[in-house]
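Order of the sequence lines sets the chain letters (A, B, ...), proteins ahead of strands, with each chain counted from 1. In this text the structure is predicted, and so the values were computed from the model without any measurement. Side chains included, hydrogens not; waters and symmetry mates left out as well; all remaining heavy atoms used.
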Amino acid sequence: MLLVGVLLLLAFRFAAAGLLDRGAIDPEELAPAVLWVTILFVAIVALSSAFAKERDRGTLAALLLLPADRGAVFLGKFFGTFTLVAFLDAAVLLFYALFFDYGFAGNGLALLILLWVGSAGFLSAGCLVAAVSVQTRSRDLMLPILLIPLVAFTVLAPAIGGTAELLAGDTEDAWEHARLLAAFALGAATVGTLLAEQVLGE
Amino acid sequence: MRTKTPWASLIVALAASLSILAGLFLALYGAPLPRTTVDFADLHATELVGLEVRIVGIYEATDTTTGLLRDFSGNPEVAPIQVTLEPPLALESGRNYTLVGELGGVRGALTLQASEAEPLATGTSAEIFFSPVAQKIFYVHMPTAWVAYLAFGVALISGLAYLRTGQPRWDDLGAASVETGVIFATIAITTGPLWAQEEWGVAWRWDDARLTTTFVLWLVYLAYLVLRANLAERHLRARLCAAYAILAFVTVPLSYLSALYLRTLHPQLGQTGGGLSPAMAAPLALVILGFTLLYAYIVGRRVETERLQRELDAAAARAGQTGGVP
């Protein structure tokens, strides 16, 4: 998963090499889009393996035998994946700083928190979608197809907007966006918890 | 298994075709739209602030007036253009402008086009559409968009109903509705940019709430169809698709919200009736009725086909065969 993130960042670095060398764009302008597209794909890989492995090893079935609400299982999956992705977010941030030679204008920590809020948005919708897609035929392909339309405007757009504002020093507007992200994460997690019974199934 | 002649649906199909044809005929050959001219002097300047207007006619100003007119069609990011309203006006005919400052003392005929009819509720009516070509597209665009929204709404309700009752006919209805809705949404989303190019000067705007929301809907339900195609087992498919339809619908208002940070160019739903000129109302109503009936017909036939297919599968299973009938 970390490798996916690093490779994506490397690909972006190569893609932007000409622009950066000419000074046509600076790392600050690139950061929002590059960071979030990288994190989106890292989160998708994390989600995909979180569910696929459980299913292949039969541990998902074991989890479902627990005398607990399916919603609790869903929330457990969410927090588990989130913990993993939270570390990956930090790593992506570090590698961006390394590859693009950029210090995030001293806003590194605030940015990391914003990344976490946005990742929670991806993952709250993503956990339910992954639980759906893992039961389909071409599951690894289905996850992005099902997830990206759901998060494109609800998470990706405000996250990129918020990051750009944060890096530009416009903290107030950035938190406005963060609130929108948090609202989505909460809403999607609620729907996920309610639908877990139906989706996780027998 | 007995199939009866589907008289009811044939009648629906006939009514749909007649209604659409009559509506389009009226739209094409009916009376031309009255052009409303609004005298700026009749309006209070404050009522015009923030209103999107389109200067389409011949205008003349008697007094020198300053106001801010923001170019709305070409590049919305440019700073507001300071325009001095004195003859001759440095405004380009056929483009959209937003009045952001105060305008007063302007006399003469300005043909106004507002994308939001509401602020003009001062006894003056403004026509919404001017471009004759774009206006014709609208007779197809708006009804198909409406049917798409209706179809996705039906899909949500049947998804909820399926999860509650577990009855397969709800799943049939949801699937049929999404399939039909995607077709109508595709028509709406292709005619929209054609209309916008003519009317707004740009084919697509990413900061328009209605556009992006419809686009998301379209993507989401395409994904829904892909999901259906990738699930073979009937019950599992029904369950997961219903869940996805519900989750998908939750993201729609949020997509709308996030896009609402930036203004929408569309006439707001619910206000359109008041803003549309009466000449447009009759053909539009006919086409909407027609497309809705067409939707009902297609979905009805599709649900019936699914039901027969299920019966066939059940019969095949009873006969001891394995697998479904292709």
Q. Taking everything shown except A:Leu65 itself, do over 12 heavy atoms lie less than 6.0 Å from its CG?
A. yes

Which atom pairs, donor and acceptor, lie under 3.5 Å between side-chain atoms of residues 112-122 of chain A and protein residues at least two apart or in another chain?
from: A:Trp116; atom 1: NE1; to: A:Ala86; atom 2: O; distance (Å): 3.1
from: A:Ser119; atom 1: OG; to: A:Asp89; atom 2: OD1; distance (Å): 3.4
from: A:Ser119; atom 1: OG; to: A:Asp89; atom 2: OD2; distance (Å): 2.6
from: A:Ser119; atom 1: OG; to: A:Leu115; atom 2: O; distance (Å): 2.6

The reported gap from CG in B:Leu163 to CG in A:Leu194 (rounded to nearest 0.5 angstrom) is 11.0 Å

By residue number, those in residues 217-235 of chain B with heavy atoms under 4.5 Å from heavy atoms of chain A are B:Leu219, B:Val220, B:Ala223, B:Val226, B:Leu227, B:Ala229, B:Asn230, B:Leu231, B:Ala232

Ranked by heavy-atom pairs below 4.5 Å to chain B, first place among A:Thr136, A:Leu141, A:Val155 goes to A:Thr136

Paired with B:Leu247, the side chain to side chain contact (heavy atoms under 4.5 Å, CB included) test is passed by just one of A:Leu150, A:Leu146, A:Val132, namely A:Leu150

When rounded to the nearest 0.5 Å, the distance separating CG of A:Leu195 from CG of B:Leu240 is 10.5 Å

What one should report as the nearest heavy-atom pair of A:Val199 and B:Ala243 is CG2-CB, 3.4 Å

| message | Surrounding CH2 of B:Trp146 (heavy atoms of other residues, nucleotides or ligands, distance under 6.0 Å), is the total greater than 12? | response | no

Whatever's closer than 4.5 Å to a heavy atom in chain B on A:Ile145 counts as both

Nearest heavy-atom approach of A:Val129 to B:Tyr244 is CG2-CE1, 4.3 Å

Value for CD (A:Gln198) from CZ (B:Arg164), rounded to nearest 0.5 Å, stands at 10.5 Å

